[in-house]
Structure formats: C-alpha cells, structure tokens
Amino acid sequence: MKILVIGATGTIGKSIHEYLKEKKHTVYAAHRSSTTYPVDISDKNSINALFSQLPQLDAVINASGTAVWKHLSDLNEEDYMIGINSKLLGQINIVHTAEKYLKNKGAIVLTTGILGDHYEKNTVALSMVNGALHSFVNAASNEISKNITLNIVAPGAIQGNFPKDKKFADHYPVAIDDVVKIYEKAIHTSETGKILKIY
Ligand SMILES: NC(=O)c1ccc[n+]([C@@H]2O[C@H](COP(=O)([O-])OP(=O)(O)OC[C@H]3O[C@@H](n4cnc5c(N)ncnc54)[C@H](OP(=O)(O)O)[C@@H]3O)[C@@H](O)[C@H]2O)c1
C-alpha cells in the first residue's frame with residue numbers, strides 16, 4: 001500500500017512509520033521540518049500542497065496536532081484556538097483533502113487520545129478537541145465519498161513518555177507496539193466511523 005504518515009518523527013508517528021516500512025508498504029513520512037515532505041496541518045494550503053505532490057494513496061495516518069496544557073482558570077481564547085487550529089481543524093482539513101486525493105476504498109486514520117473520555121489535570125483544551133473530533137468522525141464517516149473509511153485511534157499515554165507504573169487520566173500507559181497495531185488495523189478495516197480506543 002502507499003501510505004502517508006503525518007507526524008512521522010513523533011513518539012507515535014515514528015513507530016508507525018518504521019513498522020509500516022518493515023511490512024513493505026511504501027510510506028511517505030511528513031512533518032513540519034521534513035526536507036522531503038514538509039507539511040503544517042494547521043495550514044490547509046500546506047496540506048493540499050503535500051497531497052498534490054504524492055502519487056494516489058491507499059491510506060493516510062495523522063499522528064500530529066497539538067493543544068495547550070493549562071488549568072481551566074488559566075485558559076484564554078488564544079489558548080483554545082491553538083488546539084482548534086492544529087489538532088482539530090488540522091485533522092478536519094486532512095479529511096477534506098484526503099477525500100479528494102485517496103483511491104476508492106482508501107483509509108483515513110486520525111489521532112485523538114484518552115482525554116476524550118477521561119480527566120487529567122490541565123488537559124481541558126485537549127479534551128475539548130478530542131471530543132469534537134470523535135463527534136466529527138461519527139458524522140462525517142457517513143457522508144465521505146469513494147467508500148473511504150474514516151476512523152480515529154485514541155491511545156492512552158504512551159509508555160516511555162510516561163512511567164509505566166504511574167497512571168495518566170486514571171489509566172496505566174500503553175505500549176507503543178500495541179498502539180501501532182491499532183493503526184495498522186485501522187488502515188485495513190472495512191469498518192468506518194469508529195473510535196479505536198487503546199487504554
Ligand atoms: N505521546 C502520547 O503519550 C500520546 C498519547 C495519546 C495521544 N497522543 C496524541 O498523538 C498525537 C501525536 O503525539 P506524539 O506524542 O507522537 O507527538 P510528538 O512526539 O510531539 O510528535 C509530533 C509529530 O508531529 C509533527 N508535527 C507537530 N506539529 C505539526 C503540524 N502542525 N503539522 C505537521 N506535523 C506536525 C512533529 O514534527 P515537526 O515538529 O517537524 O512538525 C512530529 O513528527 C498528538 O495529537 C497527541 O495529542 C499522544
């Protein structure tokens with residue numbers, strides 16, 4: 001398969017990239033500071049420029065996007081807008097662009113996380129974005145064309161980033177190898193509109 005991985009040098013994206021390459025897929029590794037496939041998901045023109053230079057893809061996985069970590073009492077509108085423009089609208093714009101460029105029956109896989117469902121201190125802005133993406137995919141997966149599947153992987157905290165024996169959002173961290181297998185499942189499944197939770 002020809003697969004685009006956005007955020008391909010990050011904790012999650014790097015492991016996805018390496019795993020899919022081992023499985024003999026053709027993987028295009030994109031992120032902001034890439035010299036080969038630069039992209040900033042908070043800029044829809046940049047997303048369009050990336051897809052337009054690639055051959056027609058079977059799948060795109062996004063493992064990038066940020067939001068501000070602050071207590072509710074410290075969050076202002078600008079803080080919220082960072083998450084909205086990056087992790088929320090960035091992934092929504094990936095869906096709109098990918099719909100145009102992917103093959104029939106292609107797969108789009110987005111990333112949210114445990115904070116869509118579970119509370120952790122100082123993560124209000126991330127929880128908001130994750131919840132919005134879950135609702136977006138629930139609805140948009142019914143209307144996307146070309147029989148493209150649209151799913152989300154929602155991991156818990158990744159072991160290594162967080163100590164294995166310390167809970168995050170009331171759950172123990174998860175192993176990256178297990179998380180990567182969920183992304184693999186998401187590019188092959190015929191199911192759509194699913195939030196694939198691993199925590
Ligand atoms: N790590 C965890 O424990 C965890 C758990 C659950 C969910 N998540 C979610 O998973 C996603 C990835 O997390 P991560 O920890 O793997 O991130 P990370 O280690 O910070 O890596 C982020 C990756 O995305 C790229 N990137 C950042 N901003 C970008 C942008 N605007 N446009 C395009 N590429 C961009 C980075 O490269 P450049 O800097 O070169 O762009 C890098 O390749 C995030 O949405 C995070 O909330 C993470």
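These values consider heavy atoms only, across backbone and side chains, with no hydrogens, waters or symmetry-generated copies. Note that ligands are numbered from 1 as they come in the structure, with each ligand's atoms numbered from 1 the same way.
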Test log, rule side chain to side chain contact (heavy atoms under 4.5 Å, CB included), inputs V68 and Y80:
CA-CA 7 Å; V68 169; Y80 283 115; over 6 Å; no

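A side-chain N or O of E99 and one of S145 form a donor-acceptor pair less than 3.5 Å apart. With hydrogens and angles left out, the side-chain atoms of H31 and S64 include no donor and acceptor closer than 3.5 Å. When only modelled atom types and interatomic distance are considered, N151 and K185 share no side-chain donor-acceptor pair under 3.5 Å.
Checked by distance only, ligand 1 and G65 come closer than 3.5 Å through their nitrogen or oxygen atoms. Between I6 and ligand 1, a contact under 3.5 Å exists for no N or O pair. On a distance-only criterion, S33 and ligand 1 share at least one N/O pair closer than 3.5 Å. Residue I158 has at least one nitrogen or oxygen atom sitting less than 3.5 Å from a nitrogen or oxygen atom of ligand 1, judged on distance alone. Checked against a 3.5 angstrom limit, the closest N/O atoms of P155 and ligand 1 fall outside it.
Shortest non-hydrogen contact noted between S86 and S42 is CA-CB, 4.2 Å. Between I61 and I16, the shortest heavy-atom contact is CD1-CG2, 3.8 Å. For the residue pair P173 and K166, the shortest heavy atom distance occurs at CD-O, 3.2 Å. Of all non-hydrogen atoms in T111 and P155, the two that sit nearest each other are CG2-CD, 4.3 Å.
If you check each of H31, Q159, R32, Q91 against atom 39 (O) of ligand 1, the one with the closest non-hydrogen atom is R32. For atom 34 (N) of ligand 1, the nearest non-hydrogen atom from the set A30, S64, G116, G160 belongs to S64. Among T9, T112, I41, I94, the residue whose heavy atom lies nearest to atom 9 (C) of ligand 1 is T112.
Those atoms of ligand 1 that come under 4.0 Å of a heavy atom in A157, given as number and element, are 3 (O). Residue contact check: N161 has heavy atoms under 4.0 Å from atoms 1 (N), 2 (C), 3 (O) of ligand 1. If you number the atoms of ligand 1 from 1 as listed, the ones under 4.0 Å from a heavy atom of A8 come out as 43 (O). Of all atoms in ligand 1, listed by their number and element, those nearer than 4.0 Å to a heavy atom of D40 are 30 (C), 31 (N), 32 (N). For ligand 1, the atoms sitting less than 4.0 Å from at least one non-hydrogen atom of I12 are 4 (C), 8 (N), 10 (O), 16 (O), 48 (C), numbered in the order shown with element in parentheses. Proximity to T111 (heavy-atom distance under 4.0 Å) selects the following atoms of ligand 1: 9 (C), 10 (O), 11 (C).
Less than 4.0 angstrom separates atom 20 (O) of ligand 1 from none of the non-hydrogen atoms of the protein.
Between Y199 and H118, the gap from one ring centroid to the other is short of 6.0 Å.
Contact annotation: G156 has at least one heavy atom less than 4.0 Å from an atom of ligand 1.
Nearest protein neighbour of atom 46 (C) of ligand 1, counting heavy atoms only, is K87 NZ, 3.9 Å. Here the heavy atom of the protein found nearest to atom 17 (O) of ligand 1 is T11 N, 4.4 Å. For atom 33 (C) of ligand 1, the closest non-hydrogen atom of the protein is V39 O, 3.1 Å. Here the protein heavy atom with the shortest distance to atom 22 (C) of ligand 1 is G10 CA, 4.0 Å. Scanning the protein for heavy atoms near atom 25 (C) of ligand 1, the closest one is G7 CA, 3.8 Å. The protein heavy-atom contact nearest to atom 12 (C) of ligand 1 is A63 O, 3.2 Å.
Tracing side-chain contacts under 4.5 Å through hydrophobic residues (I, L, V, M, F, W, Y), one reaches I148 starting from V95; they form part of the same cluster.
Between K70 and the choices N122, N76, D79, T123, the side chain to side chain donor-acceptor pair (under 3.5 Å) rule is met once, by D79. Of the listed residues (K105, K103, K2), just one forms a side chain to side chain donor-acceptor pair (under 3.5 Å) with D58, and that residue is K103.
Considering only residues two or more places apart in sequence or on other chains, K194 meets the salt bridge (charged side-chain N to carboxylate O under 4.0 Å, His left out) condition with none of them.
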